[in-house]
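The model shown is predicted, which means the values in this text are computed figures rather than measured ones.
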Amino acid sequence: MKSRKIIKVLFKKELLDVLRDKKTVIMMLVVPVILYPLIFMVALGIMSAVQSNLDTNTYDIVVDTAADKGDFYDYLTKNSEGQEGSYTLNITSAEGGYDYMSDVKNEKYDVYVSAEYIYSGAEDMTGDEGSAADDTAYHEDDGSTKNSSGLGEYEEKRVRIKYHIYYLSSATNSNYASGIIYEHLKDMNSKMSRQILYDSGLDAEMTINPILFEYDNVASGKQSMGSMLGTVLPFLLVISLLMGIMYPAIDTTAGEKERGTLETLLTLPVTNRQMIVGKFLTVALIGIISAFLNILSMGTIAIYATKMLRDNGLINIGNVSFSGFIPVILIGIVAILAFSLFLSAITMCVTSFAKSYKEANNYITPLMLIVLFIGYIGFIPNMDLNGAVAMVPVANICLLIKELLVFKAGVDAVAMVLLSNVLYAFIAIMLLSRIYDSEQILFSDGRGSLQLFEKRSNLKKGGVPTVSDAWFVLLFGMVLVIYVGGMLQTKFGTGGIAGTQLIILMLPLSMAVYTKKDLKQTFSIKKPRLIDVVGSLILMIGCIGVGTSISVWLANVFKDSTAKAEKTISVLGEGNIWVSFIVVALMPAICEEMMFRGYVFSAAKARYKMAGTVIFVAIAFGVYHMSIARFFVTAMIGAAQALVVYYTGSIIPAMIMHCFNNAFSVIRLYHEEDVIRVMPFMDESNFGLGRGVLMFLIGAVLMAAGLMLVIKKHCDKKYPV
């Protein structure tokens with residue numbers, strides 16, 4: 001009872017402190033209640049005004065009457081008079097020898113329409129179809145075509161007119177006018193077709209449209225509307241919840257450090273657990289309120305927009321009773337509550353490492369990118385909430401809301417999402433408790449600041465990078481890999497992959513040199529013992545076994561991601577095996593290890609304990625490969641390599657592990673049949689549940705054995721567990 005009273009008092013105190021912050025109030029109240037509707041109404045008004053202006057504007061059209069003898073010019077003149085208040089066409093007949101296309105480019109005219117004869121039927125003497133540019137033929141009144149050189153008559157040809165519509169897509173009026181001309185030409189074409197068929201004694205409608213069809217949507221109005229909302233609403237929910245949580249999380253952790261009130265709070269007769277619960281409940285409550293206000297605002301806008309589109313006939317969803325969504329909304333509220341607990345806890349874990357408000361904003365940016373990247377899963381078609389995805393944070397809540405809105409979510413899926421988010425929140429709270437038990441983290445001395453922008457003359461020689469240095473290298477490196485590396489790979493193929501690896505190597509190396517770091521210590525350059533190499537190889541063989549089992553299982557879940565990876569591998573398979581070995585096995589073993597198990601690892605190790613260091617490096621390594629299907633296996637291998645470097649103090653065994661793993665993939669790529677003949681258990685096409693479980697268990701045993709060989713001689717004071 002006493003503990004509850006203390007938590008209640010701390011909760012009220014934290015809530016008052018947060019609400020005093022103008023940023024929190026603005027993000028929680030002003031943005032969803034005022035700014036969102038205002039933006040929508042202003043945007044809608046601007047769009048309506050622009051559309052109204054386009055519909056009533058006057059457009060200058062030039063028509064070439066030489067080739068079509070004025071047919072389209074006359075047709076356009078007769079049929080361009082629309083209803084009152086519609087657009088007006090100012091039509092001009094083109095004069096020969098004048099460059100009207102230049103006038104369109106200079107926006108003097110909106111559209112220029114030219115025409116030419118297209119002859120179809122018999123072929124001329126060269127074997128090509130005749131055209132208006134063919135000066136050896138001419139069209140006579142009797143419909144036949146003769147050769148003016150006296151070589152005899154061709155077979156009868158039919159003559160068509162081809163119109164060219166020249167417009168300027170970068171000019172709004174020209175772009176809109178081209179659509180008007182297109183519709184008139186289509187209408188003229190339809191009328192002429194019917195007239196030709198009528199003159200031939202045929203039923204025009206029966207000939208042009210021999211079959212009739214119509215679409216009958218069997219989905220209910222609620223399902224149609226839910227499908228539209230389910231694509232965008234979950235993503236907006238994640239954004240609003242994250243934005244609502246971010247500022248109170250920063251204020252209750254890093255903000256309190258910056259104000260110097262944390263020390264005072266720790267001197268009070270309260271436990272760390274009570275303090276953490278009070279802070280956590282405050283952040284979660286603010287996040288939930290912010291999310292609900294955002295949902296209410298965006299939901300109202302969505303309902304209004306849907307009603308407007310339906311009334312104007314732009315969408316057909318029938319008469320929808322919004323009361324039918326009440327059960328869905330209630331379940332969604334519970335799901336949002338569970339997700340808010342998890343997101344609040346993980347956000348507080350990240351911001352707790354910062355010593356100032358500014359630094360916390362830098363730390364939270366990668367978390368935002370990861371959350372938004374995963375939240376994009378709601379836009380992927382045919383992505384269902386199955387057993388595997390239901391355990392993935394962020395993705396599960398997005399897909400659950402999407403399926404709730406189309407009335408597809410089952411009880412099992414709802415229960416799994418709720419339980420998994422509560423479980424993840426509990427784990428994050430436990431981690432947060434460990435953070436607040438560490439004085440090294442709470443009262444850091446600033447060793448985590450970014451040193452890149454400091455004067456080089458002020459930097460001391462030696463030491464290892466800071467965590468901020470590592471974050472900068474990771475984020476900036478990812479941008480370079482995505483854009484520069486992507487362009488290199490598109491243009492140079494295998495050579496581009498090699499260039500991407502050099503980018504990964506040179507970035508941390510240049511950063512370490514510029515900030516005067518000890519290269520030997522930063523990149524763990526040390527001669528390993530033979531037993532370390534042997535243990536590392538056994539560990540990697542186990543990782544391959546476990547990873548293969550996991551990969552086969554995930555391939556059925558993330559089929560699109562797996563297909564992209566297979567496409568990349570097939571491109572490599574078209575080259576030379578030794579070139580592929582250098583590019584795929586040797587270069588990543590050096591470049592990626594120098595980045596992750598070198599630069600990033602040394603920065604994390606100087607700041608965190610062993611578990612935090614390994615997890616940080618593993619997640620960074622998994623995310624860097626930018627594949628949901630490969631993330632778990634890649635992160636597992638990255639964790640194994642980080643453990644080897646941690647206990648041996650040398651990066652070389654990790655490089656050998658990396659090279660061995662990738663070399664095995666290259667061999668399988670070029671000699672898959674031989675590999676399967678020698679190791680039939682690696683045949684993924686005949687990979688049953690029993691074989692997968694057996695390979696997983698054997699791999700796990702080998703991983704444990706290899707790790708024990710590495711750890712056995714290094715479990716001393718220098719490398720504590």
(request) Taking all heavy atoms of Leu385 and all of Glu403, pick out the closest pair and write down the distance. (result) N-OE2, 2.9 Å
(request) Would you name the heavy atoms of Ser190 and Arg194 that are closest together and state the gap between them? (result) OG-NH1, 2.5 Å
(message) Testing Leu237, Ile239, Val238 one by one against Phe235 for a side chain to side chain contact (heavy atoms under 4.5 Å, CB included), which residue passes?
(response) Ile239
(request) Compute whether any side-chain donor of one residue and acceptor of the other, for Asp103 and Tyr98, lie under 3.5 angstrom apart. (result) yes
(message) Counting C-beta onward and ignoring hydrogens, is there a side-chain heavy-atom pair between Phe72 and Ile181 closer than 4.5 Å?
(response) yes
(message) Using side-chain heavy atoms (C-beta onward) and a distance below 4.5 Å, is Asp60 in contact with Thr92?
(response) no
(request) Examine the side chains of Asp64 and Tyr163 and answer whether a donor and an acceptor come within less than 3.5 Å of each other. (result) no
(request) Kindly check if the number of other-residue, nucleotide or ligand heavy atoms within 6.0 Å of OH (Tyr167) is above 12? (result) no
(message) Ignoring hydrogens, what is the shortest heavy-atom contact between Thr65 and Ala94? Give both atom names and the distance.
(response) OG1-O, 4.5 Å
(message) Main chain of Leu54, side chain of Tyr87: is a donor-acceptor contact present, judged purely on distance under 3.5 Å?
(response) no
(message) Using the side chain to side chain contact (heavy atoms under 4.5 Å, CB included) definition, which of the options Ile165, Leu76, Ile180 pairs with Leu185?
(response) Ile165
(request) Give, for atom CE of Met188 and atom CD1 of Ile161, the distance between the pair rounded to the nearest 0.5 Å. (result) 7.0 Å
(message) Under a 3.5 Å distance rule, please check whether Ser200 uses its side chain to pair with a backbone N or O of Ile196 as donor and acceptor.
(response) yes
(request) Output the distance between atom CD1 (Ile364) and atom OH (Tyr247), rounded to the nearest 0.5 Å. (result) 9.0 Å
(request) Kindly compute the distance separating CD1 (Ile370) from OG1 (Thr365), expressed to the nearest 0.5 Å. (result) 11.0 Å
(request) State, to 0.1 Å, how close Ile503 and Gly485 come at their nearest heavy-atom pair, and which atoms those are. (result) CD1-N, 4.4 Å
(message) To the nearest 0.5 Å, what is the distance between CD1 on Ile401 and CG on Asn396?
(response) 10.0 Å
(request) Tell me whether the centres of the aromatic rings in Tyr166 and Tyr100 are closer together than 6.0 Å. (result) no
(request) Assess whether atom CZ of Phe379 is packed by more than 12 heavy atoms of other residues, nucleotides or ligands within 6.0 Å. (result) yes
(request) Evaluate the side-chain proximity of Phe631 to His625: yes if any heavy-atom separation is below 4.5 Å, no if none is. (result) no
(message) Show the nearest heavy-atom pair for residues Ile377 and Cys398, with the distance to one decimal.
(response) CG2-CB, 4.3 Å
(request) Measure across Phe339 and Val394 and return the closest heavy-atom pair with its distance rounded to 0.1 Å. (result) CE1-CA, 3.8 Å
(request) Would you give the length of the straight line joining atom CG of Leu488 to atom OG1 of Thr494, rounded to the nearest 0.5 angstrom? (result) 12.5 Å
(message) Within the structure provided, determine whether Lys402 and Lys408 are in side-chain contact (heavy-atom separation under 4.5 Å).
(response) no
(request) Check whether any side-chain heavy atom of Asp71 sits under 4.5 Å from a side-chain heavy atom of Met192, and report yes or no. (result) no
(request) Measure the spacing between CG of Asn57 and CG of Asp110 and express it to the nearest 0.5 Å. (result) 7.5 Å
